[in-house]
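Heavy atoms only: backbone and side chains are in, while hydrogens, waters and symmetry mates are out.
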Amino acid sequence: MSNQISGAEILIRSLIDQGVKNIFGYPGGTIMPVYDKLYDYTDRINHYLARHEQGAIHAAEGFARVTGKTGVVFATSGPGAMNLLTGLNDALIDSTPIVAITGQVATAFLGKDAFQESDIVSVTLPVTKWTIQVRKPEDIAPAVAKAFYIANSGRPGPVVVDLTKDAQMAMAEYKVETCDYIRSYHPNPEIKDAVILEAAEMINNAKRPLILAGHGISIANAENLLIQLAEKAQIPVGCTMLGLSAIPTSHPLYKGMLGMHGNIGPNINTNNADVIIALGMRFDDRVTGDVTKYAPDAKIIHMDIDASEFDKCIKSDLHIHGCVNQALKKLIPFVNESRHDEWLESFKPHEEIEKRKVIEREVNASTADGKMLMGEVISKVSNAFGEDAILVTDVGQNQMFAVKYFGFKHPRSIVTSGGLGTMGFGLPASIGAKIGEENRNVVLFVGDGGFQMTLEELGMIMEYNLGVKIVLLNNNFLGNVRQWQHLFFNGRFSATPMINPDFRMIADAYGIPAEDIAHRNQLDDAIKRMVEHTGAYLLNVNIEPTDMVFPMTPPGAGVSDILLAENEYYKPENN
């Protein structure tokens, strides 16, 4: 009996044995035994107290995305666990490894509508890779080991371990548990040599090959292999939004972002390519537009670790089922060194038109009242940090502008909510990113709408002295919805104008230096002060509310049906 410890302590020791050093969470009644034992391990585990459980899980996502490690979050039962749902769904769609530990009422009270009881297992099953409820202390360590294995193997994702209160308080012996195999779960499929040879032959015979690089490149730590393949065969690369930073922005083979608000060149040439090599991406509807008009002349090689993505959105000619890292290592030796000079030259006219008609208009703005455009602000901030910072965005216009006008030199340099598009994600995710990469600058671009969804997490920045740089692009509108209302709903701005508080005063209340930037002649000096300041900083920037994100593929259109501005479609032959 002397070797027995409580289930709560078994949990803490299991986490330590999994290498966990950082936890984000919020205590409550049914997880209180865990927090009580956590008190004895503060020399080995850092706990970051969020101000809301949604903030805690988004912070865990930000941590996981920049480090590749599994993010860990604690929450109590009932409302605490339910507040994790948005983050769990976000993590599932964006393949982010998370282990969420939730408290639960004691076993005797299950199913009796006890105080703060929710059926978290049933609720979370659709938005996790795996969910388990543990009712005995001796089952905790095996469940934790299995949870970490599932969360960060194969295609990563979120896992929930729901612990009843009596399991936390009861006693059992602890032994270290490991897990590297689960029957019927095969996260690392064997890649067939015949498929690799067939892919190499298709690439070697291609005249107009195009690589589409997705988030799977970074998940698999395959950035260098991506560059090797591109350079060996001189293949241009377009990135999905979550695939950004897999290749440096300045690389001559990088041709821009794909999709609705992507760059003209890779979108137009998706429909001119004869072979598309899709690496760790899922052909999301924001990338493809109208699928009936997508890549009509291309043979498509789709490489992914998740077989459920094959032919789900776009039918491919060849599937390579496996880890992108392992598959590229097998593929590259069989790909011939070659050149595609004429094909690469075909991107230049599109780039020149976009630069002249969109980028210069946005970056070299001259609004009469001095209100700024988002592109000019983001471009100046990126340049001030030398393109070395980690970019974090919220969702909306701030996101679309930031991912296009911010430059990247290093892998794992973007944290944003892709598939779910979660407003409020940005601020807590930037906190997690800063904790995960404390020696790198972390810059958050956020709109006034998304900022107010989770601004309580400024409390984490204050309490833990986290040097996140916040650029609030404030246009007193829900800007992305406003853009759609302007373009597609006859300018009827229903429920999108916003009366905002004094954000500088809010920042001041949290002890965060802040500035209001009302005119562009203030911008350069303010950015310099933010960059030179060692701690957190907030710039509240006065944005022109009519600013819109272009280029844009309208909803329901094909990827080559591109708006350069309102009522101006891109017609290559007329430019």
Side-chain angles (χ1 to χ4, degrees), residues 11-12 14-16 18-28 30-32 34-35 37-39 41-42 44-77 79-92 94 96-103 120 124 127-128 144 147-148 151-152 156-163 390 392 415 417 422 424-438 442 444 453-468 510 536:
L11 172 68
I12 301 300
S14 297
L15 294 174
I16 290 171
Q18 289 292 333
V20 174
K21 293 182 172 61
N22 299 288
I23 295 169
F24 305 88
Y26 202 98
T30 63
I31 202 167
M32 207 175 298
V34 168
Y35 272 89
K37 283 302 174 185
L38 183 63
Y39 195 81
Y41 288 87
T42 53
R44 301 177 70 180
I45 292 184
N46 301 310
H47 179 272
Y48 295 91
L49 176 65
R51 272 47 179 177
H52 190 283
E53 290 88 356
Q54 184 175 348
I57 193 166
H58 289 330
E61 287 185 89
F63 174 88
R65 292 273 285 275
V66 300
T67 64
K69 300 175 182 177
T70 301
V72 180
V73 60
F74 284 176
T76 195
S77 62
M82 296 293 281
N83 283 339
L84 299 178
L85 288 176
T86 301
L88 291 170
N89 197 3
D90 192 275
L92 183 70
D94 285 353
T96 306
I98 297 291
V99 169
I101 309 294
T102 57
I120 199 65
T124 60
V127 293
T128 58
V144 169
F148 274 82
N152 213 349
V159 169
V160 170
V161 179
D162 192 46
L163 299 179
I390 294 172
V392 185
V415 179
S417 174
T422 305
F425 172 89
L427 179 60
S430 70
I431 291 167
K434 185 62 179 177
I435 290 166
E437 289 286 352
E438 59 183 351
V442 173
L444 166 67
M453 288 188 171
T454 52
L455 63 75
E456 77 281 346
E457 301 309 337
L458 292 173
M460 269 206 282
I461 291 177
M462 173 183 66
E463 182 166 350
Y464 304 108
N465 192 28
L466 302 171
V468 176
Y510 285 96

All N/O donor-acceptor pairs, side-chain side in residues 53-66, below 3.5 Å, sequence neighbours left out:
from: E53; atom 1: OE1; to: N83; atom 2: ND2; distance (Å): 3.0
from: Q54; atom 1: NE2; to: H58; atom 2: NE2; distance (Å): 3.1
from: H58; atom 1: ND1; to: E61; atom 2: OE2; distance (Å): 2.8
from: E61; atom 1: OE1; to: A91; atom 2: N; distance (Å): 3.3
from: R65; atom 1: NH1; to: T416; atom 2: O; distance (Å): 3.3
from: R65; atom 1: NH2; to: T416; atom 2: O; distance (Å): 2.7

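- Residue V73 forms a side-chain contact (heavy atoms from CB on, under 4.5 Å) with just one option from I101, T102, L84, and that option is L84.
- Between V99 and A151 the shortest heavy-atom distance is CG2-CB, 4.0 Å.
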(request) Evaluate the side-chain contact (heavy atoms from CB on, under 4.5 Å) criterion for residues L427 and L458: first the C-alpha distance (whole Å), next the side-chain angles of each, then the deciding distance (0.1 Å), finally the verdict. (result) CA-CA 8 Å; L427 179 60; L458 292 173; 4.1 Å; yes
(request) Under the side-chain contact (heavy atoms from CB on, under 4.5 Å) rule, what do F425 and M453 come out as? Steps first, then yes or no, please. (result) CA-CA 9 Å; F425 172 89; M453 288 188 171; over 6 Å; no
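- Residues V127 and P158 share a closest heavy-atom pair of O-CG, 3.5 Å.
- In this structure, CG in D94 is found 9.5 Å from CG in N89, a value given to the nearest 0.5 Å.
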(request) Apply side-chain contact (heavy atoms from CB on, under 4.5 Å) to F148 and V72, showing your working. (result) CA-CA 10 Å; F148 274 82; V72 180; 3.7 Å; yes
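- Residues Q18 and V144 meet the side-chain proximity criterion, which asks for heavy atoms closer than 4.5 Å.
- Taking the side chain as every heavy atom from C-beta outward, T128 and V159 never approach each other to under 4.5 Å.
- No close placement of the F74 and Y26 rings is indicated, their centers lying 6.0 Å or farther apart.
- To the nearest 0.5 Å, atoms CD1 (I461) and OG (S430) are separated by 5.5 Å.
- Put simply, the side chain of I12 reaches to within 4.5 Å of the side chain of I45, judged on heavy atoms.
- Of all non-hydrogen atoms in I390 and E437, the two that sit nearest each other are CD1-CB, 3.8 Å.
- Side-chain polar atoms of T86 and T422 form no donor-acceptor pair below 3.5 angstrom.
- Residues K69 and N152 approach most closely at C-ND2, 3.9 Å, considering heavy atoms.
- No donor-acceptor pair under 3.5 Å is formed between the side chain of Y48 and the backbone N or O of I431.
- In terms of heavy-atom proximity, L88 sits nearest to A100 at CD2-CB, 4.3 Å.
- Between the CD atom of E457 and the CD atom of E463 there is a distance of 11.0 Å, given to the nearest 0.5 Å.
- Atoms CE and OG1, from M460 and T454 in turn, are 9.0 Å apart once rounded to the nearest 0.5 Å.
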(message) Pair Y41, L15 - check side-chain contact (heavy atoms from CB on, under 4.5 Å), show working.
(response) CA-CA 11 Å; Y41 288 87; L15 294 174; over 6 Å; no
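- The OG1 atom of T76 lies 7.5 Å from the CE atom of M32; values are rounded to the nearest 0.5 Å.
- In terms of heavy atoms, L49 sits closest to P27 at CD1-CD, 3.7 Å.
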